[in-house]
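First up is the structure itself, then whatever we jot down about it.
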2 protein chains.
Amino acid sequence: MNISQAAQRAGLTAKALRYYESIDLLVPQRNPNGYREYSQSDVATLQFIQRARACGFTVEEVRELLALYRNPDRRSHDAKVLVEEKLLQVEQQLESLKAMRSSLRGLAEACAGDDFPECGILDHLASGE
Amino acid sequence: MNISQAAQRAGLTAKALRYYESIDLLVPQRNPNGYREYSQSDVATLQFIQRARACGFTVEEVRELLALYRNPDRRSHDAKVLVEEKLLQVEQQLESLKAMRSSLRGLAEACAGDDFPECGILDHLASGE
DNA sequence: CTGGAGGTTACCGTAAGGGGAAGGTCAACA
DNA sequence: TGTTGACCTTCCCCTTACGGTAACCTCCAG
């Protein structure tokens, strides 16, 4: 099938598929007319990529996951390590975002949000509370 | 004071300060020898920038906040809108990360993490559960 | 006077594509 | 047969917020 249909079936964009080809993550066959031809197997791989990306893995990490997937001599330990590392990263980002949320809530509370110039947001940013 | 000291006092890097100058966010004076000369006021502005960045504002959003801060005719409403928009964005990112965390936990649970190739992580990524 | 710490500019690289131009291809329809 | 519109191709620039490095300049202490 052509690129747009493959992209749609994997929940990705045609642009992303071309990018994945450019970095040799997934290189489809070509038709005589030069069009990319995606097989069912290609689409399955693209879905794998999409799911892994949705879990927060970078494209290079997805490359590692795919290598494990394709390697019958793999140890599941290696995949689990990747997942647990990513889990730690995600949890750290969560903490960071929670801190931001807390700061932003504090700022919002400090400001009347009216037509006057007095503003606790700007005061807090200027003075550090 | 010189760039390194100003950066340290604001909790930033010299590289960041040069970047802020390059985008006209904060342009310090120059000494006759060509060195940047940061005033106390500059450092206060840099601290403002650092705090706003730590809250998740982009550099362009910081520029808007600084403009409000410097404008005596501002309405605090405008600052509050910026904060509340950012708060919404942060909350959306939080939800997104929580979904990732949930997915990653599910993957980790599905995998023994041993020396065998059988791996629920790779199975789940391949099949979509 | 010399060495080292710290300053300067300038250029390349990042992650993961998005946007858009210029042009080839295909299928349907008059 | 001609044409139109949808879809494909490659190519190149743009994004964020700096980090790294090179080549070179300046200042200060010993």
Side-chain angles (χ1 to χ4, degrees), chain A residues 1-39 42-43 45-46 48-66 85-86 89-90 93 96-97 100, chain B residues 1-39 42-43 45-66 86 89-90 93 96-97 100:
Chain A
M1 77 195 73
N2 282 349
I3 191 168
S4 286
Q5 197 176 356
Q8 189 203 326
R9 292 200 186 178
L12 295 166
T13 64
K15 208 71 173 162
L17 269 55
R18 293 195 190 98
Y19 174 66
Y20 296 153
E21 180 181 15
S22 79
I23 62 170
D24 287 314
L25 185 62
L26 179 69
V27 180
Q29 296 291 111
R30 292 289 181 131
N31 284 324
N33 62 11
Y35 285 20
R36 292 170 180 81
E37 176 67 32
Y38 288 88
S39 67
D42 288 337
V43 170
T45 301
L46 289 170
F48 184 108
I49 294 170
Q50 191 278 331
R51 291 187 193 108
R53 295 281 297 124
C55 285
F57 289 101
T58 67
V59 167
E60 287 312 307
E61 289 162 348
V62 174
R63 195 193 297 278
E64 295 182 50
L65 286 166
L66 270 178
E85 283 176 359
K86 185 54 59 180
Q89 286 176 29
V90 165
Q93 288 183 60
S96 170
L97 277 176
M100 286 186 197
Chain B
M1 79 195 72
N2 282 348
I3 192 168
S4 287
Q5 197 175 357
Q8 189 204 326
R9 292 200 187 178
L12 296 166
T13 64
K15 207 67 174 164
L17 268 56
R18 293 195 189 98
Y19 174 66
Y20 295 153
E21 180 181 16
S22 78
I23 61 170
D24 287 313
L25 185 62
L26 179 68
V27 179
Q29 297 291 114
R30 292 290 181 131
N31 285 323
N33 62 11
Y35 285 20
R36 290 170 181 82
E37 175 67 32
Y38 288 89
S39 68
D42 288 337
V43 170
T45 301
L46 289 170
Q47 288 170 340
F48 184 107
I49 294 170
Q50 191 278 330
R51 291 187 193 106
R53 294 282 295 124
C55 286
F57 289 101
T58 67
V59 166
E60 287 313 306
E61 287 162 349
V62 174
R63 194 192 298 277
E64 293 182 52
L65 287 167
L66 270 177
K86 185 55 60 179
Q89 287 176 28
V90 165
Q93 289 183 60
S96 171
L97 278 175
M100 286 185 197

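All of these numbers come straight from a predicted model, not from anything done at the bench.
Looking at B:Q5, its side chain never comes within 3.5 Å of a backbone N or O of B:N2 through a donor-acceptor pair. Here the side chain of B:N31 pairs no donor or acceptor atom with the backbone of B:N33 at under 3.5 angstrom.
Non-hydrogen atoms lying under 4.0 Å from DNA chain C are contributed by nothing in residues 5-14 of chain B. Heavy-atom distances under 4.0 Å link DNA chain C to A:Y20 of residues 20-30 of chain A, given in residue order.
More than 12 heavy atoms of other residues, nucleotides or ligands shown are found within 6.0 angstrom of CD on B:E21.
The side chain of B:R53 lies closest to D:dA17 when the candidates are D:dC8, C:dG17, D:dA17.
With hydrogens and angles left out, the side-chain atoms of A:S39 and A:D42 include a donor and acceptor closer than 3.5 Å.
B:R18 comes within 4.0 angstrom of a base, heavy atoms only.
Taking atom CD1 on B:I3 and atom P on D:dG19, their separation rounds to 11 Å, with Å as the unit. Whole-Å rounding puts the B:Y35 OH to C:dT9 P distance at 11 Å. One can place NZ of B:K15 at 17 Å from P of C:dG6, the figure rounded to the nearest angstrom. Going from atom OH of A:Y38 over to atom P of D:dC7 covers 16 Å, rounded to whole Å. In this structure, A:M1 atom CE and C:dC26 atom P are separated by 18 Å, rounded to whole Å. Residue B:R36 contributes atom CZ, which lies 7 Å from atom C1' of C:dT8 at whole-angstrom precision. Going from atom CG of B:N33 over to atom C1' of C:dA5 covers 14 Å, rounded to whole Å. Taking atom OH of B:Y19 as the reference point, atom P of C:dC11 lies 17 Å away to the nearest angstrom.
Two residues are said to be in side-chain contact when any heavy atoms from C-beta on lie closer than 4.5 Å; A:Y20 and A:V59 meet this criterion. Side-chain contact between B:Y19 and B:T13 is absent, with no heavy-atom pair separated by less than 4.5 Å. Counting only heavy atoms from C-beta outward, the side chains of B:M100 and A:Q93 never approach each other to under 4.5 Å. For the pair A:Q89/A:K86, a side-chain contact is recorded, criterion being any heavy-atom separation below 4.5 Å from C-beta on.
In this structure, CG in A:L26 is found 5.0 Å from CG in A:L46, a value given to the nearest 0.5 Å.
Rounded to 10°, the angle separating the first-five-pair axis and the last-five-pair axis of the helix from C:dC1-D:dG30 to C:dA30-D:dT1 equals 20°.
Considering B:Q29, B:M1, B:R18 in turn, B:R18 is the only one that fulfils the side chain to side chain contact (heavy atoms under 4.5 Å, CB included) rule with B:R36.
A salt bridge between A:E60 and A:R63 is present, with a side-chain N of the basic residue lying under 4.0 Å from a carboxylate O of the acidic one.
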